[in-house]
Amino acid sequence: MGEVDPAFIQDPDHRPKFFIIEGEGIPLIDLSPIISPDSITDPKAIEGVVREIGSACKGWGFFQVINHGVQLDKLRNIEAAARKFFALPLEEKRKIRRDENSVLGYFDCERTKNVRDWKEVFDFTVEEPTLVPASPDPEDKEETEWYNQWPEHPPELREVCEEYAREVEKLALKLMGLIALSLGLPENRFSSYFKDQTTSVRLNHYPVCPSPQLALGVGRHKDSGALTVLAQDDVGGLEVRRKTDGAWIRVKPTPNAYIINVGDCIQVWTNEKYQSVEHRVMVNSEKERFSIPYRLNPSHYTIIKPLEELINEQNLAKYRPYSWGKFMTNRKLSNFKKLNVENIQIHHFRVSE
């Protein structure tokens with residue numbers, strides 16, 4: 001990736017600004033009251049964490065967690081294997097390149113809002129095989145199975161990825177329970193949606209970019225699933241759009257913390273009490289950057305709609321129900337073509353007031 005190909009260049013309105021606002025106020029939540037063995041005996045401490053999570057979901061849609069219980073060696077192992085994989089020659093990585101038939105594996109031509117992202121990625125799913133609809137067509141009831149593609153090198157990649165995913169899954173489901181409690185719902189309210197989850201993990205590599213003022217590692221977007229649990233290295237580059245004024249705020253890396261963000265599914269389930277927030281990734285002319293998002297997604301047959309407990313005559317449902325699997329399949333297809341129309345978004349299901 002030498003000089004910047006025009007395909008990567010953002011519209012002037014969306015190009016990065018180089019005065020950086022560091023993230024004052026993005027909440028940092030200590031989960032030790034929940035994770036520690038004594039937590040069973042201290043309901044007050046748990047209530048405090050639940051309150052903090054509710055306030056972060058409402059005010060920011062983003063927060064960081066520390067003392068989260070994920071074993072650090074599992075993160076270090078996957079980070080080391082990711083660096084080895086991305087350092088391979090391009091022709092080696094492209095042996096497991098994803099395409100319309102095999103949607104998992106390596107990819108270096110991803111687009112966000114129809115502009116190419118300055119990055120390369122490796123995707124795998126947590127359940128193997130992952131059950132999904134065969135097509136986005138609402139009438140087509142066929143299912144298909146997604147299988148992971150693993151490279152020959154580094155040989156340890158598969159094992160460290162699978163171990164890491166199992167570890168982070170515990171944290172992601174724990175957080176969904178805390179989010180349910182923060183809404184006044186039972187802790188297990190969301191559990192059934194993840195029985196045959198379509199959760200995926202991505203290894204991201206953002207190479208050094210000669211013109212970081214023109215391109216973005218990932219253009220502005222919201223996450224369409226339930227919850228994202230992100231590990232990032234110490235280079236930084238993630239920016240979040242602050243809800244109060246629309247300013248882009250840089251999320252400063254906190255050692256051993258995870259960055260959590262609410263996805264569109266939670267926005268719909270909570271009838272917009274908690275909203276997903278736009279974010280993007282800046283690139284760097286001096287340093288490459290690595291990150292690992294774990295994207296917790298429901299089973300494909302889940303119908304996403306506002307929860308009945310959270311709607312009433314004063315607060316009517318703001319969304320029509322939609323099939324998660326059909327929505328996701330539609331989105332996947334757009335990864336392989338430059339579309340003339342906007343990718344499907346949850347606002348297409350919003351009820352006009």
Which heavy atom of [X] sits nearest to which heavy atom of [Y], and what is that distance?
X	Y	answer
Cys57	Val262	SG-CG2, 3.8 Å
Ala215	Val283	O-CG2, 3.9 Å
Pro321	Ile303	CB-CG2, 3.5 Å
Trp118	Pro207	NE1-O, 3.1 Å
Ala317	Pro306	CB-CG, 3.9 Å
Asn148	Thr125	OD1-N, 2.8 Å

Pair [X] + [Y], salt bridge at N-O below 4.0 Å:
X	Y	result
Arg158	Glu162	yes
Lys74	Glu167	no
Glu239	Arg220	no
Arg202	Glu110	yes
Asp223	Arg295	no

Full working for side chain to side chain contact (heavy atoms under 4.5 Å, CB included) between Leu75 and Tyr258: CA-CA 11 Å; Leu75 174 59; Tyr258 279 101; 4.1 Å; yes
Derivation of the salt bridge (charged side-chain N to carboxylate O under 4.0 Å, His left out) call for Lys95 and Glu92: CA-CA 6 Å; Lys95 286 179 183 172; Glu92 191 65 29; 3.1 Å; yes
Close aromatic pair by centroid cut-off 6.0 Å: Phe327 and Tyr322: yes
Validation row, ring centre Phe122 to ring centre Trp150 under 6.0 Å: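 Yes, close enough.
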Passing option when [X] is tested against [options] for side-chain hydrogen bond (donor to acceptor under 3.5 Å, both in side chains):
X	options	value
Glu278	Arg241, Lys243, Arg242, Lys222	Arg241
Trp324	Thr329, Thr302, Thr198, Asp264	Thr198
Tyr106	Glu120, Arg94, Gln149	Glu120
Tyr319	His347, Lys305, Glu272, His348	Glu272

Geometric cation-pi criterion Arg320 and Phe349, 6.0 Å radius, 45° cone: no
Are any side-chain N or O atoms of [X] and backbone N or O atoms of [Y], one a donor and one an acceptor, separated by less than 3.5 Å?
X	Y	answer
Asn188	Gly177	no
Asp117	Lys119	no
Asp233	Arg289	no
His279	Val277	yes
Lys326	Ser135	yes
Asn271	Lys318	yes
Asn284	Lys287	yes

Residues forming a salt bridge (charged side-chain N to carboxylate O under 4.0 Å, His left out) with Arg97, sequence neighbours excluded: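 Salt bridge (charged side-chain N to carboxylate O under 4.0 Å, His left out) check on Arg97 returns Asp108.
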Any side-chain donor near an acceptor of the partner, Gln197 and Glu127, under 3.5 Å: yes
Side-chain donor-acceptor pair present, Tyr274, Ser182, cut-off under 3.5 Å: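 There is such a pair between these side chains.
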Identify whether [X] and [Y] are in the same connected component of the hydrophobic contact network (ILVMFWY, side-chain heavy atoms under 4.5 Å).
X	Y	result
Leu307	Leu178	yes
Val132	Tyr301	no
Ile78	Val235	no
Leu131	Val201	no

Trace of the side chain to side chain contact (heavy atoms under 4.5 Å, CB included) decision for Val229 with His68: CA-CA 11 Å; Val229 180; His68 38 65; over 6 Å; no
Approximate separation, where rounding is to 0.5 Å, of Leu230 CG and Ile259 CD1: 5.0 Å
Inter-residue atom distance Ser102.OG - Leu104.CG, 0.5 Å rounding: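 With rounding to 0.5 Å, OG (Ser102) is 6.5 Å from CG (Leu104).
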Pair Ile260-Leu175, side chain to side chain contact (heavy atoms under 4.5 Å, CB included): steps then yes or no: CA-CA 9 Å; Ile260 313 298; Leu175 288 166; 3.6 Å; yes
Side chain to side chain contact (heavy atoms under 4.5 Å, CB included) between Asn67 and Ile35, worked out: CA-CA 8 Å; Asn67 298 321; Ile35 303 299; over 6 Å; no
Sequence neighbours excluded, every pair satisfying ring pair (Phe, Tyr, Trp, His ring centres under 6.0 Å) that has a member inside residues 167-194: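 Passing the test, one end in residues 167-194: Phe190-Trp269, Tyr193-Trp269.
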Salt bridge (charged side-chain N to carboxylate O under 4.0 Å, His left out) assessment of Arg98 paired with Asp123: CA-CA 9 Å; Arg98 65 178 211 217; Asp123 287 327; 2.6 Å; yes
CD (Glu47) with more than 12 external heavy atoms under 6.0 Å: yes
Heavy-atom check, side chain of [X] versus side chain of [Y], under 4.5 Å:
X	Y	value
Cys209	Ser285	no
Ile179	Leu227	yes
Arg280	Trp248	yes
Ile346	Ser224	no

Test side chain to side chain donor-acceptor pair (under 3.5 Å) applied to Asn297 and Thr199, step by step: CA-CA 4 Å; Asn297 292 334; Thr199 297; 5.7 Å; no
Side chains of residues 83-90: which donor-acceptor pairs under 3.5 Å do they make with residues two or more places apart or in other chains?
| unit_1 | atom_1 | unit_2 | atom_2 | d |
| --- | --- | --- | --- | --- |
| Lys84 | NZ | Glu156 | OE2 | 2.7 |

